[in-house]
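Numbering of ligands and ligand atoms starts at 1, following listing order.
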Amino acid sequence: MSRPNLFGMEPSALAAVVDDLGEPGYRARQIHGWLYSRRVRRLGDMSELPKALRSRLEERFSLKWPDVSERTLSFDGTRKYLFRLDDGATIEAVYIPEDNRRTICISTQAGCPLKCAFCLTGIAGYKRNLSTGEILGQVATVMEEHPSSTTHPHRREEDPFPWNVVMMGMGEPLLNYDATVAALRILMDENGFAISARKLTLSTVGILPALERLVADGVHPNLAISLHAPDPGLRRALMPIEEKYSLDEVVRAALAYPMPRGGRVTFEYVLLHGVNDTPAHARELARRLRGGRVKVNLIPLNPAPEIPFDAPSPEAVDAFCAVLAAASVTVSVRRPRGRDILAACGQLHLKGAEASVSG
Ligand code: SAH
């Protein structure tokens, strides 16, 4: 029988472990720090714990990050990681270096059940939710392979390339609520990854009950909403989830979301040639969002053979942008990263035989 993995356990679970072993409560915080702040790879390396305790932990538990089965480097420095999980499921994470920061895009599910018409992840099918350890393991692995260039790795202020983590890989984080929120808490914990809420982004189609829960639970990373259409009819054609959680309600919930430091909620909008990329669509979008503390992130479609849409022309992107800007809606265009290695938005997918199509 395999020993339970300590990596991924939340404070309450670690407290129970420590309690079972008859150890004082503060040991749980220490173990938390070794797992998620110092991120040792072996239980035996938790050097401020008494030797006897370390061996008892080793007898009963394992410490395991998900295995990397492939790394692919893009011409632009983006690096895609393929992880093979214990049950054979595969997931992807992406490391994206930028001029003044580094971003890790992580997955929260193996595959995705949402079936958005333009996204390869949905087209390839859904397998299962990821565990907290599988979500955090992606971050830990990418960070370990890209050590901080400063002499004070634990003093974030001095890092010229601060880490950002975005939950924008495979899957819908709010359909895997418990593991996602546990991972967010550990990412934000000072005695964990110590990433501030401002540098964490959760991207969602807007699963309303889960979004409300997130607000009530006091876990508030930046919020990005996948909108992709300015009206319910078109959105329904592109995103089946519109049947359940409508555009109006999603926009209303997003505007009420408590962003870190009063920042702006992002609305993501994938531009599809001839489908949702005309100036009329832009005007309708501006009308819906005008006056809100929002920004729109336009994402020109990253094409793939299986995706039945084309990328917008550069002129259409410019015109769309201009309409929003003229209506005083803050807008940016996402530069594709890692397109040549299928690491760009919407290009992450389950590998061949692993895909089991649901629904
Ligand atoms: N399920 C969540 C998290 C995944 S985020 C969500 O939908 O927000 C993935 C982001 O990439 C979303 O904004 C999505 O709309 C975008 N995307 C999906 N397919 C794409 C494609 N082919 N080209 C560009 N962006 C795409």
Can you give me a line-by-line list of nitrogen or oxygen pairs between ligand 1 and the protein shorter than 3.5 Å?
{"residue": "ligand 1", "atom": "1 (N)", "partner": "G171", "partner atom": "O", "Å": "3.1"}
{"residue": "ligand 1", "atom": "1 (N)", "partner": "E172", "partner atom": "OE1", "Å": "3.0"}
{"residue": "ligand 1", "atom": "7 (O)", "partner": "S226", "partner atom": "OG", "Å": "3.2"}
{"residue": "ligand 1", "atom": "8 (O)", "partner": "S203", "partner atom": "OG", "Å": "2.6"}
{"residue": "ligand 1", "atom": "8 (O)", "partner": "T204", "partner atom": "N", "Å": "3.3"}
{"residue": "ligand 1", "atom": "8 (O)", "partner": "S226", "partner atom": "OG", "Å": "2.6"}
{"residue": "ligand 1", "atom": "13 (O)", "partner": "S226", "partner atom": "OG", "Å": "3.0"}
{"residue": "ligand 1", "atom": "13 (O)", "partner": "E268", "partner atom": "OE2", "Å": "3.0"}
{"residue": "ligand 1", "atom": "15 (O)", "partner": "H228", "partner atom": "NE2", "Å": "2.5"}
{"residue": "ligand 1", "atom": "22 (N)", "partner": "F118", "partner atom": "O", "Å": "2.9"}
{"residue": "ligand 1", "atom": "22 (N)", "partner": "N302", "partner atom": "O", "Å": "3.1"}
{"residue": "ligand 1", "atom": "23 (N)", "partner": "N302", "partner atom": "N", "Å": "2.8"}
{"residue": "ligand 1", "atom": "23 (N)", "partner": "C345", "partner atom": "O", "Å": "3.3"}

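Evaluation of the side-chain contact (heavy atoms from CB on, under 4.5 Å) rule for Q30 yields Y26, R27, E48, L49 as partners, not counting sequence neighbours. With sequence neighbours excluded, no residue forms a ring pair (Phe, Tyr, Trp, His ring centres under 6.0 Å) with W34. With sequence neighbours excluded, no residue satisfies salt bridge (Lys or Arg N to Asp or Glu O under 4.0 Å) with E58.
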Pair L43-R54, side chain to side chain contact (heavy atoms under 4.5 Å, CB included): steps then yes or no: CA-CA 6 Å; L43 293 168; R54 275 183 267 161; 5.9 Å; no
Candidate pair K199 and R101, rule side chain to side chain contact (heavy atoms under 4.5 Å, CB included), full reasoning: CA-CA 10 Å; K199 300 196 178 300; R101 61 174 189 178; over 6 Å; no
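The aromatic rings of F83 and Y81 lie parallel to each other, their planes meeting at an angle below 30°, with 60° marking the opposite boundary.
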